[in-house]
2 protein chains.
Amino acid sequence: MSIRRERKDAIEHRKLILQTALQLFDKHGVQPVSMHQIAKTAGIGQATLYRRYAHKGDLCMDMLQEYAKQLTDEIDELLVSSQSLPALDRLSGIMNKWIDAIEEKFGLIVAMESKMSCEDERGNFFHTPMYRYFRDKMASIFAEIHATKEHAADPEMAAHALICSMSPIGYFHMKQEKGYSTEQIKEQFRRLCEQYLA
Amino acid sequence: MSIRRERKDAIEHRKLILQTALQLFDKHGVQPVSMHQIAKTAGIGQATLYRRYAHKGDLCMDMLQEYAKQLTDEIDELLVSSQSLPALDRLSGIMNKWIDAIEEKFGLIVAMESKMSCEDERGNFFHTPMYRYFRDKMASIFAEIHATKEHAADPEMAAHALICSMSPIGYFHMKQEKGYSTEQIKEQFRRLCEQYLA
DNA sequence: TGGTTAAACGGACAATTGTCCGTTTAGTGT
DNA sequence: ACACTAAACGGACAATTGTCCGTTTAACCA
């Protein structure tokens, strides 16, 4: 007896759900669209939707996966082409990509973060492959520098702190309050890194 | 005709709500307690509760206010008594107080942050007096140092980034993943600051 | 003290989220 | 081909969140 693979109808439903959700989100924004509405529009039962996605945040996360793949690929390329540049430039390159991403996918990211039940230990951003990817890449850059230092913070800790400081809500808050353009905020983060690495 | 002040019964209800919520939260934790349950237990209508607090996050925030006042007072004292110490020690002192606070009030803070509807521009942590207090104090310490530097990041930006990096969920994630004790994580943050200030 | 009025009240009513359970169906082995 | 079974299905149900609106009441002023 072999392992049952995912049923054909299940695969189709998965695609149908993502496609329907995408259309509704594009039309009305993320927050106003309810799970009931998504199920109704897709013509499936609500339980079918919930069986696949525990909540809207979970659905958003899946929608972001595809984008995340594209993003990490771009960063991989960038890191190859800039491998001979100083650490600061490489770090700043990664962060700029991240900033572009939150500018583009703000609604999805915020919905994901806010709906992810925080009691459920495995359900937040810090357990996504994307977080891990970013942290690893940034930590390895920090490690190059920190190795030469006494009393330096753990590279993963430094990377973690930097990632946290670029979470969407805080990012937009600062941008609005100080009236920074996207380019100005990128420059600010670059300077922060510069101080970190100095 | 003078300005109507808050009605006597309204003041009593406010106190009753906070007291009831505190008891229920102590007994069952923050998340499992519903707004309906709070209203029922307090013996008031649900609308009365919602008129005062838009959602559970709002209620948590009010419950944190008192604690926040105490916290900022402690920090003010600390800053006076340590005013002749180096910037690093003062900064680190503030952060340690903050870390103690999130260790103690984790449930309330997370409930507040996650329930604060992110669409509502004025409803997140970054609009609280506490955030502003922390950012101002830390920024003024950064300003002492940054003044002597070329190309330094905006002090408020640096303070903001540091505050973000100490948000409760990220804090506990890192603590658990790396298996740090509270003291070890404080030391890590101290080293991060050291690099910032160096 | 008594009338006026704005504010507070709370039960009942939506809307949304999340779950149960009896039914259907696609895959597997004979 | 056919029966069997595990998985998927979805409507109906429960719980929670959030709102409406007619009623009550405390503060103000004459």
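The figures that follow rest on heavy atoms only: side chains count, while hydrogens, waters and symmetry mates do not.
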Ignoring hydrogens and angles, tell me if any N or O in the side chain of B/Lys178 forms a donor-acceptor pair with the backbone of B/Ile185 under 3.5 Å.
no

Students often get this wrong, so: under 4.0 angstrom with heavy atoms, is B/Arg14 touching a base, only sugar-phosphate, or nothing?
nothing

By nearest-nucleotide position on DNA chain D, the 5'-leaning member of B/His36 and B/Asp9 is B/His36

Verify whether the ring centers belonging to B/Phe106 and B/Tyr171 lie closer than 6.0 Å.
no

Determine yes or no for a side-chain-to-main-chain donor-acceptor pair under 3.5 angstrom, with A/Arg90 supplying the side chain and A/Leu85 the backbone.
yes

Atom pair CG/CD1 of B/Asp9 and B/Ile44 - distance to nearest 0.5 Å
11.0 Å

Would you please classify the geometry between the B/Tyr131 ring and the B/His160 ring as parallel, tilted or perpendicular, with 30° and 60° separating the classes?
perpendicular

With a 3.5 Å distance limit and no angle check, can you tell me whether A/Lys186 reaches the backbone of A/Ser92 through a side-chain donor-acceptor pair?
no

Using atom CD1 of A/Ile11 as one end and atom C1' of D/dC9 as the other, report the distance to the nearest whole Å.
16 Å

Five-pair end axes of the helix from C/dT1-D/dA30 to C/dT30-D/dA1 and the angle they enclose, rounded to 10°:
20°

Output the rounded distance in Å from CD (A/Gln31) to P (C/dA15).
17 Å

Strictly distance-based, threshold 3.5 Å: is any side-chain N or O of B/Glu144 a donor or acceptor partner for the main-chain N or O of B/Ala87?
no

Euclidean distance, atom OH of residue B/Tyr53 to atom C1' of D/dG18 [Å, nearest integer]
17 Å

Rounded to whole Å, the CD1-P distance (A/Ile38 to D/dG10) equals 15 Å

Would you kindly check whether a donor in the side chain of B/Arg7 faces an acceptor in the base of C/dA8, or vice versa, at under 3.5 angstrom?
no

Here the distance between atom P of C/dT17 and atom CE of A/Met35, to the nearest Å, is 7 Å

Checking B/His36 side chain against B/Gln46 main chain: does a donor-acceptor pair fall under 3.5 Å?
no

Residues from residues 41-51 of chain A lying under 4.0 Å of DNA chain C - heavy atoms:
A/Gln46, A/Ala47, A/Tyr50

Please determine whether side-chain contact (heavy atoms from CB on, under 4.5 Å) holds for the pair A/Tyr67 and A/Glu104, giving the CA-CA distance in whole Å, both sets of side-chain angles, and the decisive distance to 0.1 Å.
CA-CA 10 Å; A/Tyr67 186 74; A/Glu104 191 172 337; 3.1 Å; yes

